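Please read the structure below before turning to the comments.
Not measured: the values here are computed from a predicted model.
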Amino acid sequence: MNAPATLDTAALHALVPYAATLGVRVAAAAPERVRLELDWREDLCTAAGVLHGGAIMSLADTAGAVCAFLNLPQGATTTTVESKTNLLAAVRGGRLAATATPLHVGSTLIVVETELHRDDGRIAAKTTQTQAVLLRS
């Protein structure tokens with residue numbers, strides 16, 4: 001599948017149905033920068049109303065995958081092969097924004113860095129992930 005000319009929330013949800021389940025929205029999507037947003041919801045929390053780390057990591061993985069996807073050559077697809085997340089601050093409300101930028105775009109691997117910020121500007125998490133470039137035969 002080739003990257004669409006524009007990637008909005010509806011296109012993201014069609015491409016990644018799990019993003020629809022989480023309620024992820026596209027704020028911006030271009031090969032050099034992807035910004036996705038997720039609202040805090042009680043059903044995405046762990047104890048004491050803290051957004052679950054899995055929800056945070058899912059947002060980061062989706063942002064990184066979209067960034068990689070938008071940097072693929074014609075006819076290729078991608079999959080995450082490695083991901084490392086540091087959870088730095090609890091998210092207890094508001095919106096979480098994930099901004100993904102490519103660190104390396106190669107012929108076999110794409111490395112993306114994603115920063116996740118709370119509404120107050122504080123960094124909540126930082127993820128570095130490696131995406132494989134899968135060429136179709």
Report whether M57 and L44 are members of the same hydrophobic cluster (ILVMFWY, side-chain heavy atoms less than 4.5 Å apart, transitive linking). no

Separation between OG1 (T130) and CG (L109), nearest 0.5 Å, reads 6.5 Å

Closer than 4.0 angstrom, basic N to acidic O: yes or no for D120 and R122?
no

If only atom types and distance count, is the side chain of R92 paired as donor or acceptor with the main-chain N or O of W40 below 3.5 Å?
-> no

Heavy-atom closest pair (A28 atom, R33 atom, distance to 0.1 Å) is CB-NH1, 3.9 Å

**Prompt:** Does H52 offer a backbone N or O that forms a donor-acceptor pair with the side chain of T46 under 3.5 Å?
**Reply:** no

| L135/V133 under side chain to side chain contact (heavy atoms under 4.5 Å, CB included): CA gap, chis, key distance, verdict | CA-CA 6 Å; L135 300 173; V133 175; 4.2 Å; yes

Residues R118 and A124: closest non-hydrogen pair is CG-CB, 3.9 Å

Here the gap from C67 atom SG to L36 atom CG, rounded to the nearest 0.5 Å, amounts to 10.0 Å

- Please examine the side chains of L59 and L22, heavy atoms only from C-beta on, and report whether any two atoms are closer than 4.5 Å. no

field: Any V26 side-chain heavy atom under 4.5 Å of V66 side chain
entry: no

Heavy-atom nearest pair, V111 first then T128, reads CG1-CG2, 4.0 Å

So CG of L96 and CG of L116: to nearest 0.5 Å the spacing works out to 5.0 Å

In terms of heavy-atom contacts, L87 and A125 come closest through CD2-CB, 4.0 Å

### Query
Are the side chain of Q129 and the backbone of E82 linked by a donor-acceptor contact shorter than 3.5 Å?
no

Output for pair (L7 CG, F69 CZ), nearest 0.5 Å, gives 7.5 Å

Residues L134 and T78: closest non-hydrogen pair is CD1-C, 4.2 Å

Check: Is there a side chain to side chain donor-acceptor pair (under 3.5 Å) between S83 and D61 once you walk through the steps?
Finding: CA-CA 8 Å; S83 185; D61 183 65; 4.9 Å; no

Checking T62, V112, L70 against V34 for side-chain contact (heavy atoms from CB on, under 4.5 Å), the one that qualifies is L70

Side-chain heavy-atom pair I110, L72 within 4.5 angstrom cut-off
yes

Smallest heavy-atom separation, R95 atom then D119 atom, equals N-OD2, 3.0 Å

Between the CG atom in N86 and the CD atom in E115, the distance rounded to the nearest 0.5 Å is 11.0 Å

From the list D8, T9, D39, side-chain hydrogen bond (donor to acceptor under 3.5 Å, both in side chains) partner of R25 resolves to D39

Going through the distances and angles, do T114 and T99 end up as a side chain to side chain contact (heavy atoms under 4.5 Å, CB included)?
CA-CA 5 Å; T114 303; T99 302; 5.9 Å; no

